[in-house]
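First listed ligand is number 1; within each ligand, the first listed atom is number 1.
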Amino acid sequence: MVNERMLGLGTARSVIRELFEYGKQRAAVVGPENVYDFSLGNPSVPAPDAVNETAIRILKENPDVIHCYTSAQGDAAVRTRFADSLNRRFNAGCTANDLYITVGAAASLCCVFNGLTCPGDEFIVFAPYFPEYKVFIEGAGAKMVLIPPEIEQFQIDFAAFEAAITPNTKGVVVNSPNNPSGVVYSRQTLEKLAAILTEKSEAYGHPIYLISDEPYREIAFAGVEVAWLPHIYRDTIVCYSFSKSLSLPGERLGYVYVPGKVADADKVYAAVAGAGRSLGYVNAPSLFQQVTSLCCDMTADLKVYEENCKLLVDSLREMGYHVAQPGGAFYLFPRSLEADDLAFSERAKQFDLLLVPGSGFGAPGHFRIAYCVQTDMIRRALPKFKALADSYK
Ligand code: PLP
C-alpha cells in the first residue's frame with residue numbers, strides 16, 4: 001500500500017508536461033524546427049557570466065568547505081548579503097535573521113503553507129494561478145479557495161474576493177508579475193487588497209497573511225512598477241527564487257523573508273524553519289547559496305523577454321486575438337478562439353503550436369504562451385498563429 005494522494009501526484013502528468021512530451025515526439029517526425037513549443041517556463045537566456053565565474057572561483061578557493069553543511073536556515077554571511085541587497089533596493093529593513101534560505105520558490109511556499117496551517121485553515125488564491133499552489137496548500141493540510149479571474153485585465157475581482165474571506169482564512173497568495181497572465185498588479189489593486197485584509201484581520205481578531213510569490217519580481221517591463229508588498233501590507237511574507245531572475249532554475253535557490261514587523265514574526269519564522277525541517281528542506285545547496293548571494297544584485301539579460309512580448313502581443317492582436325497587456329514575466333494569456341480551451345489547444349497542435357489550455361490555471365477560455373524562447377522561433381510561429389485564427393473564420 002502507498003499513499004493514494006502521493007500516488008496520484010506521482011503518476012498524473014501535468015498538461016504542460018504532456019504537451020512538452022508530445023512536442024518531443026512530434027519533433028522526431030517533422031523536425032524540431034517545425035514544432036513551436038510554447039509550453040514550458042524554462043528561462044531561455046543564460047545565467048550571467050559572473051554566476052559561472054563566481055562558482056568556479058569559489059570551488060577553487062574553498063574546496064574543503066564549500067560542500068559542507070551550512071546552518072539549517074542558510075549560511076549567516078549569505079543571509080546578510082541577501083538582507084543588504086533587499087535594504088539597498090527596497091529599503092526593506094531586513095536582517096539576516098528574517099531570512100530562511102530554501103531550494104527555490106516551490107520550497108519557500110511549502111515552508112510557509114506548512115508553517116502557518118492549523119486545522120481548518122484556508123488560503124485564498126486568485127485565478128489565473130500557478131497550478132502547483134493547490135498541490136502545496138493541500139499538502140500542508142489546508143484548503144485552497146479559488147477566486148475566479150477578472151478577465152479584462154487580470155487584476156482582482158474584489159467582490160468575489162471579499163465574499164470568499166472567512167474566519168478560516170489564514171492567508172492570501174499573490175503572484176505579480178503573474179504566471180500565467182504576465183500581468184503585474186497595479187499599486188491601486190494592491191492598496192485595495194491591503195485595506196480589505198486589514199479590515200478583515202481586525203474583524204476576525206487574527207492576522208491574515210499575504211504570501212507574495214515573487215520569482216518574476218525582476219522581470220518587469222519598461223515603466224511598470226512591481227511594488228514592494230511589505231511596504232503596502234504589514235503582514236506580508238515574501239517567497240523569492242533566483243530561478244528566473246538569474247536563469248538558475250536547476251540550481252534550486254530562493255528564500256522566505258518574514259519581516260520583523262509581521263504579526264507573531266518570531267513564531268512565524270520558527271514555524272517556517274520547522275516546516276523546512278519537517279519537509280527535509282534544510283540547508284539549500286551550499287555552493288549556490290554563496291554564488292547567488294554574491295550575484296544577487298544582478299540579473300540575466302532579461303530584455304529579450306520584453307522584445308518577445310511586444311512582437312507577440314502586437315502580432316496576435318492584429319490577427320484578432322484578445323490579449324490582456326502583460327507587464328512582466330514571460331507569459332501571455334490570450335483568450336482561446338473557442339470557449340473550450342482544451343479543444344482549442346488540440347486544434348493548435350494541427351499547426352504544430354503547443355499552447356497550454358487555461359483551464360488548468362483556473363481560467364477556462366484562455367491559453368498560455370510561454371515566450372521564454374528564441375525570438376526567431378516566435379517569428380516563424382506567427383504564420384501558424386494566423387492560420388489557426390483563420391481556421392475559425
Ligand atoms: N511560483 C511561480 C508563479 C512559478 O511560476 C514557479 C515556477 O515556474 C514557481 C513558483 C517555482 O519556482 P522555483 O523554480 O523557484 O521553485
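- Residue contact annotation: Pro215 has a non-hydrogen atom under 4.0 Å from ligand 1.
- Within ligand 1, the atoms closer than 4.0 Å to a non-hydrogen atom of Ala106 are 11 (C), 13 (P), 16 (O), numbered from 1 in the order shown.
- Checking Arg379, Gln374, Arg380 one by one against Asp376, the side-chain hydrogen bond (donor to acceptor under 3.5 Å, both in side chains) holds for a single residue, Arg380.
- Atom numbering of ligand 1 starts at 1 in the shown order; those under 4.0 Å from a heavy atom of Arg252 are 13 (P), 14 (O), 16 (O).
- The aromatic rings of Tyr257 and Trp228 lie parallel to each other, with less than 30° between the two planes, well short of the 60° mark.
- Lys244 NZ, 2.9 Å is the protein heavy atom nearest to atom 8 (O) of ligand 1.
- Of all protein heavy atoms, the one lying nearest to atom 12 (O) of ligand 1 is Ala105 CB, 3.7 Å.
- Heavy-atom contacts of Asp213 reach the following atoms of ligand 1: 1 (N), 2 (C), 3 (C), 10 (C) (cutoff under 4.0 Å).
- Partner of Ser315 under the side-chain contact (heavy atoms from CB on, under 4.5 Å) criterion, out of Leu382, Val323, Ile378: Leu382 alone.
- Listed by number with element, the atoms of ligand 1 under 4.0 Å from a non-hydrogen atom of Asn175 are 3 (C).
- At least one donor-acceptor pair closer than 3.5 Å links the side chain of Glu306 to the backbone N or O of Ala222.
- Paired with Arg88 under the rule side-chain contact (heavy atoms from CB on, under 4.5 Å), one option of Leu86, Asn91, Asp84 passes, and it is Asp84.
- Below 4.0 Å from some heavy atom of Ser243 lie the following atoms of ligand 1, by number and element: 13 (P), 14 (O), 15 (O).
- The closest approach between Tyr216 and ligand 1 falls below 4.0 Å for a heavy atom of the residue.
- Looking at Asp235, Ile237, Val112 one by one, the single match for side-chain contact (heavy atoms from CB on, under 4.5 Å) with Val268 turns out to be Ile237.
- For atom 6 (C) of ligand 1, the nearest protein heavy atom (residue, atom name, distance) is Phe130 CZ, 3.5 Å.
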